[in-house]
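Remarks on the structure that follows.
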Amino acid sequence: MENSASAALEPLLSFLTFSLSTLESGFYKLPGSAVVARYVKSSHQNDPGRTILELILIIFAIRTLLQSRTRADRSGKHFIKFSEKEIDELVDEWAPEPLVQPLTEWEQKDLSSVPVIAGPNGPKPKLFSTGKTVTNLASFNFAGLAGNEQVKDRAVDTLRKYGLGSCGPPGFYGTIDVHIDFERDIAEFLGTEAAILYSQGFSTISSVIPAFCKRGDIIVADRSVNFAIQKGIQISRSTVRWYDHNDLKSLEDTLISVEKERKKRKGLLTRRFIITEGIFERDGEMVDLPKLIELKLKYKYRIILDESISFGTMGRTGRGLTELYNVPASQIDMLVGSVANGLCSAGGFCAGSAIVVDHQRINGTSFVFSASMPALLATSGSEAITYLRNNPSVLLTLQDNIRAVRAVLEKTEGITLLGHRASPIIHFCLRTQQQSLSVTTATYDHEAEERILQDIVDDVIANGVLITRAKHLRGQEMIESRPTIRIAVTAALTKKEVEKAAGVVKTSVTRILSKRR
Amino acid sequence: MTTTTSYLHSVHHADTFSIASSPALSLSSSVTAYSEDAIMNEDDENNSLAYPRTPPTSEQVFTTVHAEFGHCTNEAYRCISKHDYTRPVQEHIIEEPPYYILLATYMSYVILYFFGYGRDFFGILFTSHFTHLLPHNGYAPLKSSFDSFYSRRLRLRILDCVSQPVTGVPGRSIIVLDRSFTDNDHALIHTGGKTRSLNISSYNYLGFAQARGGCADAVEESIRRYGISTCGTRLEGGSSELHVTAEALVARFLGMEDALISSMGFATNSTFIPALVRKGSLVISDELNHNSIRLGVRHSGAEVRMFMHNDMSSLESLLREVISQGQPKTHRPWKTILLIVEGLYSMEGTLVNLPRIVELKQKYKFYLYVDEAHSIGALGPHGRGVTDYFNIHPRSIDLLMGTFTKSFGAAGGYIAGSKTIIDALRLRGHSGPYAEAMTPPVLAQIVASMASIMGVAPTSQQTNSRLSISRDNSSVVLKENAVGFPATAPASMLPTWMNLPPALADGSEARMRISRLAFNSRYLHAGLKKLGFITYGHPFSPIVPLLLFNPGKMCTFVRLMRAWSPPIVVVIASYPATSSMTSRARFCTSAAHTKEDIDTVLRACDEVGGIMDLKHGSGERWGIDEVCERAVELVHSHFS
């Protein structure tokens, strides 16, 4: 009996001895294991109690390590334990909502009323739906670069040398010499040390902001900044203070209060930024740049200025607000502009000092993780800059046209014209009974106004002029802005043509509004 | 010089031959003109890249420039990218290097950090180079010395190996602008020299990065007709008929009901995901998902949970947990759960286990969003991406996203899905009202390259035929040759002015491209394995990472590969793109590569890898000559 038991145990025992010896030899093969073994042996010899204590410590350390990994979900106080069967039942029971809410009837109408252009876009495009040629007061063709033959020739030359796509992000052989040249062209044009090119205008500033503004930094921003800036600020996780729209007095008050708070808390010196737009996309207001710079220098902030609308349209040759106000561009720490709007190509840029630009080459997410811009779009941008340098008269024409449009619209009953008088985008909203000029107070029925404005837009298009409502993502914007119609003036039309087109808008507004009454 | 003359001569022959026999092949004349140009302008000696080793015979007519898209007539060097359902879907196996390699890697970082911090410490005390990292004049530093440590102390050391500027077409070969260190090795300047190198780095999977050929001709025509820009956002007067055409074509290409196009691939994720999920929704995301997906989810404000990379059991246990637990604290059921995965992961080369995910989807009722940025065009017998590779009906997936940067040689991205969802995204995504529309030349490239992959149907079908395909979620596996998918492009869907050359229009060239890419990818994977390297990724993946581990080996590898004849440019990736312990070199194969090009890469890797002690892989090893000789056998064998 005993014999058989020991016979049965024998393989087990031999296995144990074998595995122990392999473990031991394996342990001694590890580099430095001999030192550990010697230490354990001698410490056990000196004080056996200490070995037990150390063993307990090790077990405790392992337990803590394992625990912390799962604490967040499985063993949190809100975690409910279910059996597998219960989970199966819950899974069967769960019915998800539809992924998106289907479009409402108004949204359907909104989507179907989006104009589609047949053939090239420009001052007089043809509409796809009706086949009629219209006068274009909707598209961003401020300097009249759309369809420019010089730009086209340059683009075709580039195509035949570089192909179309860059097939890689800038870090992975996607930096083409034309990108470097274009970046240098922008920097020279503006008078900054360097510039960096992003492949989409919209994604530029929402990547520039989080590249510099980190948790704990302070951002003081205009309440009415565009959506891209809002998204950039959201991602940055910085402390944000808002000041009243285009009110530099309010800005100064905010700067003073931020400084007071810091002194009270005796906080560390953190990075501080003022973020605003040159010409506001939302309503065409223009910032008082010299005053802004004065405040920035006084309170030691850095400026991130979005010149998406003003670059390529303002100043003598389109260098933007810095040229208009005769301020050196180096005063603006991060000058962000759009190649798509002002230069009729695609993409965006950020100009500034070499340190600012180089930092973005590693930390600008939509620069690093996105394919670089197609070569021919970069050379088109370069060509557009050359065009602006050589033809300063186009921007004079643009200003003439802006004045002409505003003159007609100012005389129109029932609407309020917004924005700065030199802005190439002209917004107007319906005039309310109180004659209030404020666009932030919600004393109006949003959707009803949108419908009236859309009726006006449709009527204007039917009469041969293309305009559009300013589209916003309702519910996703930080502040609800008043519905407006946005007119984009172009230098490619003569003064007579824009006057006539503005006249059409005026007639339609009067007609639609009188119908409503 | 003899090669040059004989090549010119034979091209001339081929040209006259083709014109005499078939006047329809108008392309060849333009190619010849360009070939002569290229030869005259070629100022370097690396002619093996510009001309094929064996000059073409007078019967062979090539419509591509060899430096852009390699000439390869051997039909044996083709392969079909298709999942074999008799075998289980491969799990992602991570091969571990020997311990001493890991130890050396740790030690490298310890040394780098030690010296880095040491130099910072003394530098701040004694020099003036650090003023921009310290508070001065009442301004906090723009970047802290801690945040910028990586770029100053690690990246600066390998500055000559990253962000290399190039010129010309990123095709089979690419021209690198030479640089050299100045300013005490702190900055690089261009020397003015240029080196034509073998390009195994660009995302040019199907080789559509071309300055000549049918697609480039279509792009030129579009510039002449439409100009450069459509001047505005999609919802505010920037929509062109070309957008409508391209979107319909993309939907048909993918077999989905509808599709939308965005002007930037990165922004496709970051601006449309927020319109898909809302408060009360949960996003489940693979831990290695691309930055753009993470950014999109952060913009949306939805809850997000991650599962281990491509680990289906981790995914299932997470699903069981989140569905049973509901929303945190309130325990209310989630409104929607959206699973976001990539088709092909750009740093690992791993392929998503789509069959299993589709099974899980039926059980757990989540919505599925597949980012096919790298897989579209590059995988599947018809180039339709992972769904095509696994023969899974595309409509069993809710949203297919992808980019045009890679396989189509263009730029931008798309999202395809049901009409309800896509219409909602058009209106509620950030791109619609705020971002510039895609430009006409890019649209033309997309339409031309995509139509050539689909093949243009000679008989004009009804344009809206795509709408008649009813949506069917239940059928997971397609029947062989199911009607309607993969669809051809009816001529009526293309712009009337677009005349694709016959080889592109009948889809034969694209089929050749797809099968060449599959061959090249498999060959490079298998070859590197047989040579003893540790690689990651799926055998059919055109992305082939070769593990280097040690940070110091990254720059050495790049420099040695660049010194090879002909020079080879490679991409290296480490932190932050991958974990810092698994630094790697990454190859991207292309249909433009010939078998000889892959041989060249393998030979270079063999020698460089031998010098650098990189061969730590397990499994049977072959010599380099054996690998090159038995390439076809290697490609068609089932290796693990």
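Chain letters run A, B, ... following the sequence lines, proteins first, then strands; residues in each count from 1.
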With only heavy atoms counted, which part of T439(B) is less than 4.5 Å from chain A, the side chain, the backbone, both or neither? side chain
Where on T271(B) is there a heavy atom nearer than 4.5 Å to chain A: the side chain, the backbone, both, or neither? side chain
Do Y367(B) and Y369(B) have their ring centres less than 6.0 Å from each other? no
Which answer fits F128(A), side chain, backbone, both or neither, if we ask what part of it has an atom under 4.5 Å from a heavy atom of chain B? side chain
Checking D92(A) against chain B: side chain, backbone, both or neither under 4.5 Å from a heavy atom? backbone
Identify which part of S166(A) has an atom lying under 4.5 Å from any heavy atom of chain B, answering side chain, backbone, both or neither. backbone
Need one label for V277(B): side chain, backbone, both or neither, based on atoms under 4.5 Å from any heavy atom in chain A. neither
In terms of heavy-atom proximity below 4.5 Å to chain B, should R469(A) be classed as side chain, backbone, both, or neither? backbone
Given a strict heavy-atom distance threshold of 4.5 Å, which part of H430(B) is in contact with chain A: side chain, backbone, both, or neither? both
Can you say whether L338(B) sits under 4.5 Å from chain A via the side chain, the backbone, both, or neither, judging by heavy atoms? side chain
Which atoms of R225(B) come close to chain A, meaning under 4.5 Å heavy atom to heavy atom: side chain ones, backbone ones, both, or neither? backbone
Between F408(B) and F208(B), ring centroids under 6.0 Å: no
What part of H472(A) lies closer than 4.5 angstrom to a heavy atom of chain B: side chain, backbone, both or neither? both
For P440(B), which atoms come within 4.5 Å of any heavy atom of chain A: side chain, backbone, both, or neither? neither
